[in-house]
Participant: 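Here it is, the structure in full.
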Amino acid sequence: SAGFVLLCLGGLSVMSYLGAFDMFSYAFSKKSTKKEGYYNYSIKNKESKKNKRNNYIPYLVVASLFILAAIIIRLFL
């Protein structure tokens with residue numbers, strides 16, 4: 001079950017990296033950010049995400065290992 005939790009966290013991280021939650025962050029941002037408009041806000045976020053590393057990969061790797069270990073234990077024990 002820990003593998004599936006990590007897999008879900010990794011999936012949410014991928015969705016966040018791809019910009020699925022940009023509208024929510026824009027909606028709850030400060031008023032000075034809203035003056036520039038959502039389009040400019042999303043472009044600025046995409047540019048800032050290009051410089052960041054893919055932080056979702058460790059979640060997916062560890063989740064895969066946990067799920068694989070669970071399958072092996074279930075089949076052979």
Side-chain angles (χ1 to χ4, degrees):
S1 69
F4 290 110
V5 170
L6 285 174
L7 189 64
C8 290
L9 284 174
L12 286 173
S13 296
V14 169
M15 289 171 53
S16 175
Y17 181 76
L18 294 176
F21 303 118
D22 284 348
M23 182 64 81
F24 296 116
S25 62
Y26 175 74
F28 293 110
S29 64
K30 297 179 182 178
K31 291 182 181 180
S32 61
T33 306
K34 291 184 180 180
K35 289 180 182 177
E36 68 185 42
Y38 175 70
Y39 179 74
N40 293 331
Y41 178 79
S42 65
I43 295 296
K44 188 171 64 172
N45 272 353
K46 286 180 186 177
E47 290 174 2
S48 69
K49 286 180 184 178
K50 285 181 184 178
N51 298 331
K52 292 183 181 179
R53 294 184 353 194
N54 299 337
N55 61 351
Y56 55 86
I57 293 175
Y59 287 115
L60 299 177
V61 170
V62 173
S64 301
L65 292 175
F66 280 169
I67 292 172
L68 182 65
I71 290 172
I72 290 172
I73 288 172
R74 181 71 175 156
L75 289 176
F76 297 113
L77 293 180

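If you read the sequence from its start, that first residue is 1, and numbering goes on from there.
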Participant: Does NZ belonging to K46 count more than 12 external heavy atoms closer than 6.0 Å?
Facilitator: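 It does not: K46 NZ has 12 such atoms or fewer within range.
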Participant: Indicate the atoms forming the closest heavy-atom contact of A63 with G3, along with that distance.
Facilitator: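 In terms of heavy atoms, the two residues are closest at CB-O, 3.3 Å.
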Participant: Measure the shortest side-chain to side-chain distance between V14 and L60 over non-hydrogen atoms and say whether it is less than 4.5 angstrom.
Facilitator: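 Yes, their side chains come closer than 4.5 Å.
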Participant: Considering only residues two or more places apart or on different chains, which pairs with a residue in residues 2-18 satisfy side chain to side chain donor-acceptor pair (under 3.5 Å)?
Facilitator: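 Checked against side chain to side chain donor-acceptor pair (under 3.5 Å) - neighbours excluded - the pairs reaching residues 2-18 are Y17-N54.
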Participant: Can you tell me if F21 has over 12 outside heavy atoms packed within less than 6.0 Å of its CZ?
Facilitator: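 Result for CZ/F21: enclosed.
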Participant: Got a second to check how far L7's CG is from S64's OG, nearest 0.5 Å?
Facilitator: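 Atom-to-atom, L7:CG and S64:OG are 7.0 Å apart.
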Participant: Find out if a path of hydrophobic residues (ILVMFWY) with successive side-chain heavy-atom gaps under 4.5 Å connects V62 to I57.
Facilitator: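 Different hydrophobic clusters.
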Participant: Quick test of your reading of the model: are D22 and K44 salt-bridged, counting only N-O distances below 4.0 Å?
Facilitator: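 The answer is no: the pair does not qualify as a salt bridge.
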Participant: Hey, what do you get for CD (E36) to OH (Y41), rounding to the nearest 0.5 Å?
Facilitator: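 Result: 8.5 Å between the selected atoms.
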Participant: Supply the atom-to-atom distance L9 CG to F4 CZ, rounded to the nearest 0.5 angstrom.
Facilitator: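 Spacing of CG (L9) from CZ (F4) equals 13.5 Å.
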Participant: CG/L68 to CD1/I72 distance, rounded to the nearest 0.5 angstrom?
Facilitator: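 Atom-to-atom, L68:CG and I72:CD1 are 4.0 Å apart.
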Participant: CG/L12 to CE/M15 distance, rounded to the nearest 0.5 angstrom?
Facilitator: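 If we round to the nearest 0.5 Å, L12:CG and M15:CE are 6.0 Å apart.
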Participant: What ring-ring contact (aromatic ring centres under 6.0 Å, His included) pairs are there with at least one residue in residues 57-77, not counting sequence neighbours?
Facilitator: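 Pairs touching residues 57-77 that pass the test: none.
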